[in-house]
K.L.:
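Attaching a single structure in structure tokens format; questions to follow.
Naming convention: chains lettered A, B, ... in sequence-line order (proteins, then strands); numbering from 1 in each chain. As a basis for the values below, the full set of heavy atoms in this structure was taken, side chains included, without hydrogen atoms, waters or symmetry mates. On a predicted model such as this, the values are computed, not experimentally measured, just so you know.
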There are 2 protein chains.
Amino acid sequence: MTRATTAPADRTRARRPSESIVADLLEAAAVEFAAHGFAGASTRRIAQRAGAHQPQINYHFTSKEQLWRATVDHLFTLMDAALPALDRPGPLGHAFVDLLHAFIRFSAEHPELDRIINLEATVPSARLEWLVATHLTPRFEVVAAGWRQLRSEGVGADLTAGEVWELITSFGAMHFANAPMLSLLGIHEGDGRSEAEAHAERVLAVLLPTATGRAPAP
Amino acid sequence: MTRATTAPADRTRARRPSESIVADLLEAAAVEFAAHGFAGASTRRIAQRAGAHQPQINYHFTSKEQLWRATVDHLFTLMDAALPALDRPGPLGHAFVDLLHAFIRFSAEHPELDRIINLEATVPSARLEWLVATHLTPRFEVVAAGWRQLRSEGVGADLTAGEVWELITSFGAMHFANAPMLSLLGIHEGDGRSEAEAHAERVLAVLLPTATGRAPAP
DNA sequence: GTCTATACCGAGATAGAC
DNA sequence: GTCTATCTCGGTATAGAC
């Protein structure tokens, strides 16, 4: 493949038509940052994975740090597009169930976001502060308000909003973020779409044990 | 402090009496590996934190990789010393409750181990294979056998052994491993010893909702 | 066993031709 | 905007005096 011109084809990497380089760099950066963390990831490898040259990262993103932030922004944009709103018309419980299913499904398809968040979560840093203030806090507020409303209606397990958030982001997302380890352990049935739905039901069995016709599997 | 000899005191680091260097290096390595991952941690910083010189790491541990494995071994040794056995005399349910309390308490006191595991869990590697085969699989087998026994006695929520393992290691341990993020989010009340007990009760409320006089808080 | 000096490599970032 | 060449820095590991 790679075009058959008269020029030597054994170039380090075929020249790119310059169209989607930024998008390709963001996608490659998500994989590398998720796999090795900010410090461990290298811009050389990111560029190589995207079929670009390393200095193009500095040209398009100024610095490695800016590339990291753009990558996180990009992944959250993808996630928002995949999640339904919580304040739509109809029963809040149904909206909550749908939101959780969509979140788990997204975590299965894009484990990179949860991995990146977990990699930053353990040590204070400017990146973590930015991540929490920019992306996590606003979303937590929405979920927390929804959960408190549900609880005031007598629905849901006896858990605080914070505990619900922790349960969803740890137990819910870790199943896919840590898939390589769980696979070696013999847990993790397979990455099929049905696996995401099954896992969402597991989480819901804990959060909404008796609500809206939902019950623990027999 | 640091001894007042005639020699210049502004040495990079005071000379060590050579007694506990290995132990100090292991402790420093746990902190640095937990904070930055294997690739992101640097042997220079580890040595500096331990009050040693960087080449001493290669002398005592041969390589960075061997230092990492020794660090993991060390942390698991600490954990084993802090956990009660599951097959002691008496009701298995009680032993299970005690084990979980001790595990959560250890996770609160030594969040480094869970952090190191999570940092490796997301990408296949020789280190991950070693970690799972050497340390995780044997312990998982014990917990899984205990859980299946409990279930056969009609005790415990309707969860597989794998799901119980995931719940404990993610929701149970993440509360302390990700404390910096949760603190910025406004979750996480404080690191007190009572916080560990409270969190263990939360996990048990999910795992053993109705067993042995245990019930969800009113 | 400890410490200094250093070899060697790969990192991020920049300059400048194209 | 792209690409090559290169600067500078920090990484791991090793040699050899003490």
K.L.:
Separation of B:I46 atom CD1 from D:dT12 atom C1', in whole Å?
P.N.:
11 Å
K.L.:
Choosing from C:dT14, D:dT2, C:dT2, which nucleotide comes nearest the side chain of A:P55?
P.N.:
C:dT14
K.L.:
Quick check for you: to the nearest 0.5 Å, what is the distance between B:Q54 atom CD and B:Q56 atom CD?
P.N.:
10.0 Å
K.L.:
Among the nucleotides D:dT2, C:dC3, C:dT14, which one has an atom lying closest to any side-chain atom of B:Q56?
P.N.:
C:dC3
K.L.:
Send over the distance from B:E65 CD to D:dG11 P, rounded to a whole Å.
P.N.:
18 Å
K.L.:
For the atom pair CG (A:D87) and CD (A:Q149), what is the distance rounded to the nearest 0.5 Å?
P.N.:
12.0 Å
K.L.:
Considering only side-chain heavy atoms of B:S42, which listed nucleotide, C:dG1, D:dG11, C:dG12, is closest?
P.N.:
D:dG11
K.L.:
CD1 of A:I57 versus C1' of C:dG12: gap in Å, rounded?
P.N.:
10 Å
K.L.:
From C-beta outward on B:K64, which listed nucleotide comes closest to its side chain: D:dT12, C:dT14, D:dT2?
P.N.:
D:dT12
K.L.:
Closest heavy-atom contact between B:V206 and B:A157?
P.N.:
O-CB, 3.5 Å
K.L.:
Closer to the 5' end of DNA chain C via nearest nucleotide, is it B:R44 or A:T62?
P.N.:
B:R44
K.L.:
Between atom CD in B:Q66 and atom C1' in D:dT14, what is the gap in whole Å?
P.N.:
17 Å
K.L.:
Is it the case that the side chains of A:H188 and A:N178 hold a donor-acceptor pair, with the cut-off being a distance below 3.5 Å and no angle test?
P.N.:
no
K.L.:
How long is the line joining CZ of B:R45 and C1' of D:dG11, in whole Å?
P.N.:
13 Å
K.L.:
Can you tell which of D:dC3, D:dT2, C:dT14 lies closest to the side chain of A:H53?
P.N.:
D:dC3
K.L.:
Check every strand shown and say whether A:A47 touches a base, only sugar-phosphate, or nothing at a heavy-atom separation below 4.0 Å.
P.N.:
nothing
K.L.:
Rounded to whole Å, please give me the gap between NE2 in B:H60 and P in D:dT12.
P.N.:
17 Å
K.L.:
Whole Å only: how far is the CG atom of A:N58 from the C1' atom of D:dC7?
P.N.:
13 Å
K.L.:
Taking atom P of C:dG12 as reference, at what distance in whole Å does atom CG of A:L67 sit?
P.N.:
10 Å
K.L.:
Centroid separation under 6.0 Å, is that true for the rings of B:F171 and B:H199?
P.N.:
yes
